[in-house]
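In listed order, ligands and their atoms are each counted from 1.
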Amino acid sequence: MKINRNFDNLVPNYLFAEIAKKTSAYAAAHPDEKLIRLGIGDVTLPLPRTAVQAMKIGAGELSLKETFKGYPEYEGYDFVREAVAKYYAGFGVTVGADEVFISDGAKSDTGNIGDIFGADNVVMVPDPVYPVYVDANIMAGRKIIYAPGTREKRFLPMPDESVHADIIYLCSPNNPTGAAYDAEQLKAWVDYANQHDAIILYDAAYEAFIEDDCPRSIFAIDGARTCAIEFCSLSKTAGFTGVRCGYTVIPKELARDGHNIHALWYRRQATKFNGVSYPVQCAAAAVFSQEGQKEFKANIAYYKENARIISKALDELGIFYTGGKNSPYIWLECPKGMGSWEFFDDLLENAQVVGTPGEGFGSQGKGHFRLTSFGDRENTIEAIERIKKILR
Ligand code: PLP
């Protein structure tokens, strides 16, 4: 018996364990001090009421013989797929309901999509970025190359014609940098992918936070239908982190290596995935209703006001940062040339504020730090006052 030896190549990621360890040690030594967490990557506001009502009605239907439902469709019920297509149309992007796959979230799909691609593809991953793309491809034994995000590029890596990749992960707005690509930048990636016969795996988990004219979908870009797959999630859009529901869009015409990609993904899902529960799909469809959208937009506006408060303080302190505008994340350069763990310790010990050291998201994260706006207003304001006090 042999295990998958690629797992030996995973780099242990102690980031969140180390944060938890340091934070609890500090709390135990200073029981009277109030710690404020500005590192939360999870939502804190409750689900839209419309979604919960729909979930209850869906659950009720399962209790009656006449309306009971067993296994759902692998690709999701038509009423949810249609609701997703209509949601896209609302921001001017045409996708077919039959191009939408409902899933249990973007983490699973961005990781699992690799099942349909050969192990010998070269995978390009932005640095820094959400770590799932790297680890999922290490597990599959693929070669990974990095597209470095730097301060000069405002953490938005662009294609380099001299470097070939077969699979390109893009995340916009990005976790952890909060930076979002504009249409011209995305067009450059789409052109690169079409020229290189590559596929872009586009993670739009934070699209609902976009407030300017940055595209909400890669399919807003000409040429994307022949080179891109889009992943999205209700986690950050509508607080579904614990409920679990996302969607993946694959254009019907997307083909590579003599195969239709939509058909391959259907085959993969039909083999390894038995769908999302009916009450959750009812809730997902309700999120996209007029009332549902109104409610989740109010939650996002709340987080974004927190982000605005954090960004304003950084402006006042003259600290370089990205994000905070189209994103719940604010990515800053650690002040006074500090390393990211050094700044973590400084904030913990002197301001009792917990954030996330940037190096947990890639080597370009060294010397950088992520703050999030998922906390409550009062705590965000208090944390910012404390940070200003120690950095002035
Ligand atoms: N994609 C990105 C960029 C994320 O930051 C996250 C969660 O933090 C996810 C996907 C996970 O989404 P889901 O909860 O739908 O699995």
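The nearest heavy-atom contact from the protein to atom 5 (O) of ligand 1 is Tyr206 OH, 2.6 Å. Counting protein heavy atoms only, atom 14 (O) of ligand 1 is closest to Ser235 OG, 2.6 Å. Summary of contacts: the protein heavy atom closest to atom 9 (C) of ligand 1 is Tyr130 OH, 3.3 Å. Atom 2 (C) of ligand 1 has as its closest protein heavy atom Asp203 OD2, 3.4 Å. Looking only at protein heavy atoms, the nearest one to atom 8 (O) of ligand 1 is Lys236 NZ, 2.9 Å. Protein heavy atom in closest approach to atom 15 (O) of ligand 1: Ser233 OG, 2.6 Å.
Ligand 1 has no N or O atom lying under 3.5 Å from any N or O atom of Thr241, backbone or side chain. Below 3.5 Å of separation, one finds an N or O of Arg244 facing an N or O of ligand 1. In terms of N/O distances under 3.5 Å, ligand 1 is approached by Asn175.
Counting all heavy atoms, side chain and backbone alike, Asn326 lies closest to Glu211 at OD1-N, 2.8 Å. Shortest non-hydrogen contact noted between Tyr77 and Gly70 is OH-O, 4.2 Å. Closest approach of Ala51 and Val287 over heavy atoms only: CB-CG2, 4.0 Å. Scanning all heavy atoms of the two residues, the minimum distance from Arg142 to Phe117 falls at NH2-O, 2.8 Å.
Residue contacts with ligand 1 for Cys171 involve side-chain atoms from C-beta outward but no N, CA, C or O (heavy atoms, distance under 4.0 Å).
Ring centroid separation for the pair Phe361 and His368 does not come in under the 6.0 Å cut-off.
Using a 3.5 Å distance cut-off with no hydrogens or angles, the side chains of Asp315 and Tyr321 do pair a donor with an acceptor.
Ring geometry for Phe91 against Tyr87 counts as perpendicular: the plane angle is over 60°, on a 0 to 90° scale with 30° as the lower cut.
Under a 4.0 Å criterion applied to the non-hydrogen atoms of Gly105, ligand 1 contributes the atoms 15 (O), 16 (O).
Under the side-chain hydrogen bond (donor to acceptor under 3.5 Å, both in side chains) rule, Ser103 has a single partner from Asp109, Thr248, Asn112, which is Asp109.
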